[in-house]
Amino acid sequence: MSSLNLDEFTDLIERPDGGVRRDAEARRERQIVPPGSLGRLDDLGEWLAAAQSAVPVRPIEQPRVVLFAGDHGIAERGVSARSAGSAGELVREVLEGGRPVSVLARRQGVPVRVVDLGLDCDPESLPADVVRHRVRRGSGCIDVEDALALEEAEAAFRAGVALADEEADSGTDLVVLGDVSVGGTTAAGVLVAALCGTDASVVTGRGGLAIDDLAWMRKCAAIRDALRRARPVLGDQLQLLATVGGADLAAMTGFLLQSAVRKTPVILDGVVTAACALVGQRVAFRAPDWWLAAHDSGEPGQAKALDRMALEPLLSHGATVGEGAGGLLALPLVQAAAALAAELPERPKASEEPEENPEEKPE
């Protein structure tokens with residue numbers, strides 16, 4: 001039995017400051033560009049002000065990409081275009097600067113942090129700061145066995161909480177959250193289907209490398225079988241993550257919830273982060289107020305999860321690569337919203353008494 005009480009997050013998480021948001025809206029109405037003319041940027045600027053409890057909003061100066069990594073045993077079923085156990089190779093490519101997230105982060109000057117929770121590779125093959133939170137090597141094949149023992153799920157969740165505290169304490173003012181996994185979208189699909197009460201076919205997507213029809217059918221069957229195992233434990237979110245999630249997903253859920261406690265805004269990347277956010281919403285209903293959906297990746301499970309949380313994606317460009325790349329594409333939009341909200345001048349105030357210009361009268 002776990003000693004972790006997730007119900008505490010309900011009391012710990014507050015909504016972004018509503019009074020500050022109203023002040024930000026009032027300030028926006030006084031600026032030279034009419035309210036609404038900047039579209040979503042208006043709403044983003046006001047949301048950031050509320051999250052920061054600051055008017056005018058402060059610029060986003062210390063964003064960071066945080067990627068949770070793991071191999072999922074369900075990949076052995078042929079549900080992914082990548083071979084089972086190969087997520088470690090992706091992590092090395094990220095660290096060496098060769099993945100899309102690496103290029104975008106380098107271009108934007110945003111540091112990238114990769115955290116191994118359950119990669120199926122020799123820990124000596126990766127830097128010590130990457131592997132120090134590893135819970136286990138790989139995860140169980142969730143259609144027939146649990147992804148984790150309950151104790152492992154708790155350890156992963158606590159690691160995510162600790163990482164959120166580290167980021168907040170170091171001054172990170174916004175996190176772009178992503179995953180580096182093989183088989184992760186299948187586990188995510190199970191979580192979304194279970195929490196939304198839908199069938200496997202509704203949430204089964206093609207993944208980052210667009211699997212063919214046969215692999216899609218295998219993936220759908222894997223989600224269907226895992227879903228049968230998930231439904232009996234829906235009332236216990238930690239047990240749900242242990243049964244059909246994985247160490248990376250459990251850690252990501254803990255990270256999201258603790259980031260909301262610490263009032264750190266988070267940009268969600270793809271279907272895996274959306275699924276973890278949906279678990280987080282089930283734990284603490286106010287938590288999604290601290291999260292932004294970066295983009296619509298085209299994954300049906302992501303769309304289902306975001307709709308349930310009432311989060312509207314900022315972009316729609318069909319990028320399915322994952323790894324936080326979609327979140328980084330949305331980051332400049334958020335930074336632009338902050339700059340416009342803070343720097344656009346206000347309209348000059350009309351003088352209380354209009355200046356008179358009387359005609360000169362003859363003496």
Residues Q302 and D269: closest non-hydrogen pair is NE2-O, 3.4 Å
Taking the side chain as everything from C-beta on, heavy atoms only, tell me whether R22 gets closer than 4.5 Å to E46. no
With a 4.0 Å cut-off, would you call R28 and D43 a salt bridge? no
SG (C196) and NZ (K304) are apart, to the nearest 0.5 Å, by 6.0 Å
Next on the checklist: Under 4.5 Å between side-chain heavy atoms, counting indirect links through other Ile/Leu/Val/Met/Phe/Trp/Tyr residues: same cluster for L148 and L117 or not?
Outcome noted: no
With salt bridge (charged side-chain N to carboxylate O under 4.0 Å, His left out) as the test, would you mind laying out the steps for K263 and E14 before giving the verdict? CA-CA 8 Å; K263 302 183 178 182; E14 303 174 353; 3.5 Å; yes
Would you say that L44 contacts L292 through its side chain, given a criterion of any heavy-atom pair below 4.5 Å between the two side chains?
yes
To the nearest 0.5 Å, atom CG of L278 lies from atom CG of L191 at 8.0 Å
Heavy-atom nearest pair, L306 first then P313, reads CD1-CG, 3.8 Å
In this structure, CD of E152 is separated from CZ of R136 (nearest 0.5 Å) by 4.5 Å
Regarding R27 and E346, does a basic nitrogen lie under 4.0 Å from an acidic carboxylate oxygen?
yes
Correct closest heavy-atom pair for P56 and A342 would be CB-CA, 4.0 Å
- prompt: Would you call D122-R137 a salt bridge at under 4.0 Å N-O?
  reply: no
Distance col, row R30:CZ vs E25:CD, nearest 0.5 angstrom, shows 12.0 Å
Distance-only criterion, 3.5 Å: show the donor-acceptor pairs between side-chain atoms of residues 220-228 and protein atoms not counting sequence neighbours.
unit_1 : atom_1 : unit_2 : atom_2 : d
D225   : OD1    : R228   : NH1    : 2.8

Query raised in the report: Do L234 and L240 come within less than 4.5 Å of each other through their side chains, counting heavy atoms only?
Result: yes
* Asked: Under 3.5 Å, is there a donor-acceptor pair between the side chain of D17 and the main chain of S53?
  -> no
**Study point:** R229 (side chain) donor-acceptor with V244 (main chain) under 3.5 angstrom
**Key:** no
Notebook entry, point to check: Would you say the side-chain atoms of R218 pair up with the backbone N or O of G78, donor to acceptor, closer than 3.5 Å?
Noted result: yes
Any side-chain heavy-atom pair of L67 and V115 under 4.5 Å = no
Minimal heavy-atom distance between A341 and V57, with the atoms involved, is CB-CG1, 3.6 Å
Got W290 and P16 here, is their nearest side-chain heavy-atom distance under 4.5 Å?
-> yes
message: Any donor-acceptor pair under 3.5 Å linking the side-chain atoms of T243 with those of Q239?
response: yes
- Query: Are E299 and R206 within salt-bridge range, i.e. N to O under 4.0 Å?
  - Reply: no
- Message: Contact between T185 and K219 at the side-chain level, heavy atoms closer than 4.5 Å - yes or no?
- Response: yes
Legend entry - Lys/Arg-Asp/Glu bridge criterion (N-O < 4.0 Å) met for R158, E154: yes
### Query
Any sub-3.5 Å donor-acceptor pair from Q237's side-chain atoms to V283's backbone N or O?
no
### Message
With no hydrogens and no angle check, just 3.5 Å: does a side-chain donor-acceptor pair link D179 and S181?
### Response
yes
salt_bridge(E29, R347) N-O dist < 4.0 Å:
no
Whether S139 side chain and G73 backbone form a donor-acceptor pair below 3.5 Å: yes
Of all heavy-atom pairs linking D248 and F68, the shortest is O-CB, 4.1 Å
On a heavy-atom basis, the closest approach of A188 and L249 is N-CD2, 4.3 Å
Separation between OG (S125) and CZ (R92), nearest 0.5 Å, reads 4.5 Å
Please tell me if the side chains of W291 and V175 come closer than 4.5 Å, counting only heavy atoms from C-beta onward.
no
Subject >> Step-by-step salt bridge (charged side-chain N to carboxylate O under 4.0 Å, His left out) determination, D169 to R262 >> reply: CA-CA 9 Å; D169 291 342; R262 297 298 304 270; 2.7 Å; yes
Note to self: Given 3.5 Å as the limit, does a donor-acceptor pair link the side chain of D71 with the main chain of A87, or not?
What the structure shows: yes
- Query: Does the distance from a Lys or Arg side-chain N to an Asp or Glu carboxylate O, for E167 and R64, drop under 4.0 Å?
  - Reply: yes
*asked:* Taking the side chain as everything from C-beta on, heavy atoms only, tell me whether S102 gets closer than 4.5 Å to V112.
replied: no
ask   = Using a distance-only test with no angle check, is there a side-chain donor-acceptor pair under 3.5 angstrom linking T172 and Q62?
value = no
The reported gap from CG in N5 to CG in L238 (rounded to nearest 0.5 angstrom) is 11.0 Å
